[in-house]
Amino acid sequence: MHNSQPMPIDKVLPTLIEKLQEDGRAVLTAEPGAGKTTRTPLALLDEPWLNGQGIIMLEPRRLAARAAAVYMAQQLGESVGETVGYRIRTESRVSARTRITVVTEGILTRMLQNDPGLTGIGLIIFDEFHERSLHADLGLALAMQSRSILREDLRILVMSATLDAAAVACLLEDAPVIECKGSMYPVETIYAPTRPNELLEAAVARTVLQALNAHSGSLLVFLPGAREIRRVQSALEQEQRVGSDVLITPLYGALPQEMQQQAIAAPPAGKRKIVLATSIAESSLTVAGITVVIDSGLRRTALFSPRTGMSRLTTMRAARDSADQRRGRAGRLAPGVCYRLWSEAEDRLLAPATPPEMLEADLTPLALELAAWGASPEELVWLDEPPAAPYRQATELLRQLGALDAAGAITPHGRQMASLGLHPRLAHMLLRAVPLGLSRAACRLAALLEERDLFRGQAAANDSDLRTRLSLVMAAGEEGSPRPGAANSADVDGYALQRLLQVSGQWERQLHKIADDIQPSNEMAGGNTDDWLSFCGLLVSYAYPDRIARRRSDGRYLLRSGRGAVFRNRQLLGDEPFVAIAEVDDEGAEGRILLAAPMPEEHVYEYYRDQMEESAHADWDEHTGVVRVRRRLTLGAILLQDKPDPNPTAERITEALLSAVAEQIDTLLPWNAKSKQLQARVEFLRRLEPSWPDLTDEALARHVHEWLAPYVTGMRKRSELQSLSLYTILENRIGWARMQELQAEAPTHLIVPSGSKIPVQYEGPQAPYVSVRLQEVFGMMETPRIGYGRIPITLHLLSPASRPVQVTSDLRSFWSGTYFEIKKDLKGRYPKHYWPDDPLEATATRKVRPNKP
DNA sequence: CTCTCCCT
C-alpha cells in the first residue's frame with residue numbers, strides 16, 4: 001500500500017492488526033529503529049473495524065509529534081493537515097478530513113476531559129509509553145475507564161521500547177504482546193570508573209581525551225546538568241588539550257535554540273565534535289555523527305518532598321534503562337563504543353528502570369484532573385498508583401486554592417482552573433487577577449514562572465527580584481513583538497522573551513473567554529491597573545499562598561509554612577518586611593530564595609485577613625502566678641502581632657490558660673502516679689483497639705479546648721491549675737462505660753495468690769508487667785492475661801529481699817524448669833524462707849513461711 | 001556560586 005523500503009516493523013504488522021481486531025487492545029514492544037511510530041498508524045488506517053473513525057497517537061514531545069505527522073503525510077503524498085494532522089499546545093494542524101491526529105500529552109487529557117466518549121475516535125496509540133510520564137499514565141487510566149463504561153469499541157495500543165510489557169499487558173486486561181526487533185549496530189561497552197579522589201569533571205575530561213585518541217568520529221558526553229557541562233568544557237579548553245580540529249558544543253534545554261541546532265548538526269568538513277549534553281540527548285534529539293558515547297551515569301531530577309510541599313533538584317544515579325538508552329546513541333549509523341564511568345561491579349547494582357514520574361513528581365495537576373474527571377485514584381487502573389502522601393498534599397493545596405470543596409469535589413473555580421491548562425497554582429493566580437484588573441500582568445507573570453528563565457548566565461543568578469523580569473516583559477509587550485536576538489540587554493534571551501509573550505497572549509484570550517462568566521466585563525481589562533509593580537507580590541502569593549514570608553530580625557525569612565529561607569543575594573530584596581516567594585531551592589535546613597517579589601504590608605492584611613488567626617496566650621506574672629493575656633495574630637507560622645491585652649475578657653483568659661497548658665501539659669497540670677497510670681492504661685488498650693480515645697500528651701495538648709475547658713473557666717492563677725483533680729477529669733473524658741471496660745481489660749492491680757494487690761506497670765518496653773516476690777505467686781499456674789485476653793502480664797519475680805530473680809511471661813514453663821535451678825541458690829541465701837518442691841501445690845505467702853493451716 | 005526534563 002504505502003511506499004518506501006521495508007522496515008523491521010512490517011513483519012509484525014499483520015499479527016498486530018489481527019490482535020487489535022480481536023482483542024481491542026495490544027502492547028507492541030519495538031527496539032529503536034524499527035519504524036513503529038511512522039508505520040503503525042498508516043497501516044491501521046483502512047481497517048474495517050475503525051469504521052472510518054479517527055486515530056489519535058500520543059507523543060511525549062512536541063518536536064516528535066510534529067515530525068511524525070509531517071513524515072506520515074509525506075508518505076501519503078499529502079501535506080500536514082489533510083489525512084494526517086497534529087495538535088500541540090501552540091499549534092493545531094487538523095481539518096475535517098484528518099483521520100490520524102498526533103497529539104502531545106496535555107492535549108489528550110483535554111480531549112478526554114471535554115468528551116470522555118471520544119466521539120469519532122476508534123483507536124488511541126500511546127507511543128514511547130516506557131517514559132512513563134504523568135500525563136501518559138493518566139491518559140491511559142482515563143482511556144481505560146472510558147472504554148469500560150462508555151466506549152466498548154474504543155481500541156487501545158500501547159507502544160514502548162523495552163519496558164516490562166507484561167505489567168502493561170496485565171493492566172490492559174491481559175492484552176496480547178507483540179515484539180519487534182530493531183535495526184541497531186552493536187556498541188562495545190567499556191567500564192572506565194572514576195579514580196579514587198578524582199572529581200567527576202576531571203574523570204570525564206580524561207576519558208574524553210582517551211576516547212578522542214582511540215576512535216574516530218564524534219563524541220557524545222552525558223552529564224547531569226549545565227554546571228558540570230561548563231566545568232568539563234573549561235577543563236578541556238583551558239589547557240588546550242584538544243586539537244583545533246575538535247569542536248566542543250554544549251547541549252541542554254535552557255540553551256538558546258540556535259546553539260542547540262549547532263550541537264545537533266553534523267560537524268563541518270574535516271572536524272570532529274564533542275557534544276556535552278544533559279539527558280535531553282537521551283531520546284528527544286538525535287545528534288548527528290556520533291560513534292562514541294561517554295556516560296557519567298548521573299541524572300538530575302526534581303523530587304517532590306511531601307515534607308516541604310516543594311520539589312527539589314537532586315543529582316542521582318541514572319538507572320540501567322537510561323544507561324542503555326544513552327549507550328544506544330552510539331550505534332545509530334555504525335558500530336560504536338560506550339565508556340561508562342563506573343565499574344562492572346557497580347553496574348550490577350543499578351536500578352533496572354528510572355522511576356515513573358508518578359512516584360517522584362508534584363501531583364497537584366494530576367489531582368485536579370482526577371477531580372474534574374470525577375473519579376478518585378482507587379476507581380482507575382494504574383501501573384503505579386498515585387502515592388498516598390503526595391496525593392493528600394496535592395488535594396490539600398487544591399482545597400486551599402478553592403479548587404476542591406470540603407468533601408473533595410471540584411468547585412466551579414476548580415473547573416475554570418482545569419480548563420486553563422496550566423499548573424493549578426498559576427491558573428488560580430490568573431483567575432484571581434481578573435477582578436483586580438491585572439489579568440495581562442498575571443498572564444505574563446505566569447509565563448515567567450512557568451517557562452524557562454528569561455535571563456541567562458550571571459544575570460539570572462544575581463537578580464532574585466521578580467519585578468525586574470516582569471517590567472522587562474511588560475515593556476517588551478508594549479513595544480510590540482521584539483525582534484528575536486535583539487533584546488534590550490545582552491543577558492536577555494530574545495527568543496525566550498518572544499515565546500513568553502506569545503504564550504501569555506494565548507492565556508489572556510482564554511482567560512477573557514471564561515472570565516466573562518464570573519466578572520462584569522467592565523472590570524475586565526488587559527491592564528487597566530498600571531499598578532502591577534506593587535501588586536506583583538500579591539499575584540505571586542495567589543499562586544504560592546504557602547510561601548508568603550516575613551523578614552526576621554536577622555534578615556532571614558520565615559515562610560507561612562514554617563520553613564526558613566534566605567535570599568542568596570541580600571542586596572536587592574533582603575530588607576522587605578514581607579515577600580511572596582515564587583522559587584526557593586530547598587536543599588538543607590534552610591531554603592535559598594531564587595525568585596520573589598515584595599508584598600506591601602497592606603496587601604497582607606487586606607487580602608489574607610480571612611486566613612489569619614487570632615489567639616490569646618498566657619504570660620505569667622512571676623510573683624503572683626496570675627495569668628496576663630497576650631493577643632497574637634498569625635498567618636500560618638508567621639507571627640504578625642503579639643501584644644498585651646490590657647482588659648482581657650473571661651473567655652480570653654481561659655483561652656490563654658488553655659494554650660499555656662497545651663504547650664506545657666506536663667508541668668502545668670498536677671500529674672500524679674495514678675493519673676499517669678490511667679494515661680498509660682488507655683494507651684495500652686488503644687494500641688490493641690484503635691477506638692479507644694487518644695490520651696497521649698500530644699493528643700491532650702491538641703484537644704485542650706474539648707476536655708479541659710469546662711474545668712478552668714474562671715481560673716486566673718497557675719496555682720489554681722494545680723488544684724484540679726486531673727484523674728477525675730480524665731475519667732470523665734473516657735466515660736463511664738469505657739471506664740468499666742478499662743477496669744476489666746487494663747486493671748490497676750493484679751491480685752496474686754498471697755492476697756497482695758500488686759500495681760500493674762503500663763510504661764516501659766516490657767509493659768505490662770508486675771514486680772512481685774516469688775513466694776507470693778506459689779500456686780499460680782497460668783500467666784495472667786489482660787487486654788482482651790491477648791497480652792500476658794510479664795512477671796518480674798523478686799527474691800525475699802526484692803532483688804530481681806527472674807523475668808517471665810510463661811509461668812507454666814518457669815515452674816516446671818527454671819524454678820528448680822534457682823531454688824537451690826535462693827535456699828542458700830534465704831535458708832529460713834519457704835522453698836517448696838512442688839510450688840504449684842504450695843501456699844503463697846507474704847512472710848518468711850506460710851501460716852500453718 | 002549557578003536549574004534536570006517535559007507538557008495543557
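Sequence lines set the chain letters: A, B, ... in the order given, protein chains first and strands last, and positions in each chain run from 1. Since this is a predicted model, take the numbers as computed values, not measurements.
Using a 4.0 Å cut-off between charged nitrogen and carboxylate oxygen, A:E450 and A:R89 count as a salt-bridge pair. At a threshold of 4.0 Å, the pair A:R110-A:E369 counts as salt-bridged, since one of the basic side-chain nitrogens sits closer than that to a carboxylate oxygen.
Within 4.0 Å (heavy atoms only), A:L422 reaches at least one base atom of the nucleic acid. Backbone-only contact: A:G106 has heavy atoms under 4.0 Å from sugar-phosphate atoms and none from a base. Counting any heavy atom pair closer than 4.0 Å across all strands shown, A:S133 reaches no nucleic acid atom. A:R299 comes within 4.0 angstrom of no nucleic acid atom, judged by non-hydrogen atoms across all strands. Among the heavy atoms of the strands, none lies under 4.0 Å from A:L420.
Comparing B:dC5, B:dT4, B:dT8 by their closest approach to the side chain of A:I280 singles out B:dC5. Proximity note for A:R62 (side chain, C-beta onward) versus B:dT8, B:dT4, B:dC5: the nearest is B:dT8. Side-chain proximity of A:A226 to the nucleotides B:dC5, B:dT8, B:dT4 is greatest for B:dT4.
Side-chain nitrogen and oxygen atoms of A:T278 include at least one within less than 4.0 Å of the OP1 or OP2 phosphate oxygen of B:dC5. For A:T314, no side-chain nitrogen or oxygen approaches OP1 or OP2 of B:dT4 to under 4.0 Å.
Rounding to whole angstrom units, CD of residue A:E450 and C1' of B:dT8 are separated by 8 Å. At whole-Å resolution of the value, CG in A:L108 and P in B:dC6 are 20 Å apart. Put simply, CG on A:L58 is 16 Å from P on B:dC6, counting in whole angstrom units. One interatomic measurement links the two molecules: CG of A:L298 to P of B:dC5, which rounds to 14 Å at whole-angstrom precision. For the pair A:E369 CD and B:dC7 P, the computed distance is 16 Å after rounding to whole Å. Following rounding to the nearest Å, A:R87 (CZ) and B:dC7 (C1') show an atom-to-atom distance of 14 Å. Distance, A:L366 CG to B:dT8 P: 17 Å, rounded to whole Å. Atom pair A:F129:CZ and B:dC6:P shows a separation of 19 Å (rounding to whole Å applied).
Although no hydrogens or angles enter the test, the distance criterion places a donor-acceptor pair under 3.5 Å between the side chain of A:H428 and the main chain of A:L401.
Summarising the geometry of A:A65 relative to A:Y86, their closest heavy-atom pair is O-CB, 4.3 Å, with the distance given to 0.1 Å.
Comparing A:R230 and A:R110 against DNA chain B, the residue whose closest nucleotide sits nearer the 5' end is A:R230. Mapped onto DNA chain B by nearest heavy atom, A:H423 and A:R300 fall at different nucleotides, with A:R300 at the one closer to the 5' end.
In this view, A:S419 and A:I514 satisfy the side-chain contact (heavy atoms from CB on, under 4.5 Å) rule, not counting sequence neighbours.
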